[in-house]
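Below: one structure, written as structure tokens.
Because the structure is predicted, anything quoted here is derived from the model rather than measured. In what follows, residues are counted from 1 in the order of the sequence shown.
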Amino acid sequence: LQLVESGGGLVQPGGSLRLSCASSEVSLETYDIMWFRQAPGKEREAVSCIAGRSIRHYLNSVKGRFTISRDNTKKTVVLEMNNLTPDDAGIYYCAAGKRVRQRITSTQNMCEEPDFDSWGQGTQVTVST
């Protein structure tokens with residue numbers, strides 16, 4: 001499965017971006033999708049995931065600012081990012097899996113990263129004045 005991310009760009013702090021994850025081969029309606037990001041010199045981190053129709057998880061630092069959703073018209077998965085800060089900058093990747101497991105803890109809930117096996121090439125998000 002080949003994935004393509006779009007929507008990245010340069011935005012000022014406090015601004016917004018809308019990232020999209022799509023496949024030219026299939027609709028993503030039946031896939032669980034995770035958004036990751038990686039900033040220079042930092043480890044990759046999971047930002048948000050959507051599993052099935054209603055399971056959504058967010059990295060604690062983006063809760064209340066980011067929203068993941070399915071665009072069933074375009075058959076894509078969208079990550080709406082608001083009130084962006086320089087800490088949100090990096091390359092954002094989407095990944096797809098099927099029937100992914102959930103990791104539920106007292107501090108951070110998220111989908112299980114090893115369960116995602118198809119990746120896109122990433123889209124750059126820059127947050128700067």
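Side chain of E29 to backbone of K75: no donor-acceptor contact under 3.5 angstrom is found. The main-chain N or O of C111 is never found under 3.5 Å from a side-chain atom of D115 such that the two would form a donor-acceptor pair. The backbone N or O of A51 sits nowhere less than 3.5 Å from a side-chain atom of R99 that would complete a donor-acceptor pair. Distance alone, capped at 3.5 Å, places no donor-acceptor pair between the E45 side chain and the R37 backbone. Under a 3.5 Å cut-off, the side chain of N82 and the backbone N or O of F66 do not form any donor-acceptor pair. The closest donor-acceptor contact from the side chain of E25 to the backbone of Q2 lies under 3.5 Å.
The ring-ring contact (aromatic ring centres under 6.0 Å, His included) test applied to Y93 returns no partner, not counting sequence neighbours.
The shortest distance between side-chain heavy atoms of V47 and Y92 falls below 4.5 Å. No side-chain heavy atom of V77 sits under 4.5 Å from any side-chain heavy atom of C94. Contact of the L17 side chain with the V125 side chain is registered, since non-hydrogen atoms from C-beta on lie closer than 4.5 Å. Two residues are said to be in side-chain contact when any heavy atoms from C-beta on lie closer than 4.5 Å; T85 and P13 fail this criterion.
For S48 against L79, the heavy-atom pair with the smallest separation is CB-CD1, 4.1 Å. When all heavy atoms are compared, the tightest approach of T76 to A22 is CG2-CB, 3.5 Å. Shown here for P86 and V127, the closest heavy-atom pair between the two residues is N-CG1, 3.7 Å. In plain terms, the two heavy atoms of A96 and L1 that are nearest each other are CB-CD2, 3.7 Å.
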Check the pair V100, F116 against side-chain contact (heavy atoms from CB on, under 4.5 Å), reporting the backbone distance first and the verdict last. CA-CA 7 Å; V100 303; F116 292 89; 3.7 Å; yes
Apply side-chain contact (heavy atoms from CB on, under 4.5 Å) to V78 and L19, showing your working. CA-CA 6 Å; V78 171; L19 305 185; over 6 Å; no
Please walk me through it: do W35 and I50 pass side-chain contact (heavy atoms from CB on, under 4.5 Å)? CA-CA 9 Å; W35 284 96; I50 185 166; over 6 Å; no
Mind running salt bridge (charged side-chain N to carboxylate O under 4.0 Å, His left out) on E113 and R44 for me, showing each step along the way? CA-CA 11 Å; E113 294 186 27; R44 185 183 70 200; 3.6 Å; yes
Determine, stepwise, if the pair R65 / M81 fulfils side-chain contact (heavy atoms from CB on, under 4.5 Å). CA-CA 6 Å; R65 300 188 297 121; M81 307 189 297; over 6 Å; no
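Put simply, CD on E5 and CZ on F36 are 11.0 Å apart, with the number rounded to the nearest 0.5 Å. A distance of 5.0 Å separates CD in E80 from CZ in R18, rounded to the nearest 0.5 Å. Between the CG atom in L3 and the OG atom in S23 there is a gap of 6.0 Å [rounded to 0.5 Å]. Here SG of C49 is found 9.0 Å from CG of N109. Values are rounded to the nearest 0.5 Å.
Between the side chains of T30 and K98, at least one donor-acceptor pair of N or O atoms lies under 3.5 Å.
Under a hydrophobic-cluster definition in which Ile, Leu, Val, Met, Phe, Trp and Tyr are linked whenever side-chain heavy atoms come within less than 4.5 Å, directly or via other members, I91 and W119 are assigned to the same cluster.
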Result block: side-chain N/O donor-acceptor pairs under 3.5 angstrom for residues 55-63, not counting sequence neighbours:
from	atom 1	to	atom 2	distance (Å)
R56	NE	I68	O	3.0
H57	NE2	Q102	OE1	2.7
Y58	OH	I68	N	2.9
N60	OD1	K63	NZ	3.2
N60	ND2	T107	O	2.7
N60	ND2	Q108	OE1	3.3

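Shown are D88, L84, T126; of these, the side-chain contact (heavy atoms from CB on, under 4.5 Å) with V11 is made only by L84.
More than 12 heavy-atom neighbours from other residues, nucleotides or ligands sit within 6.0 angstrom of CD on Q124.
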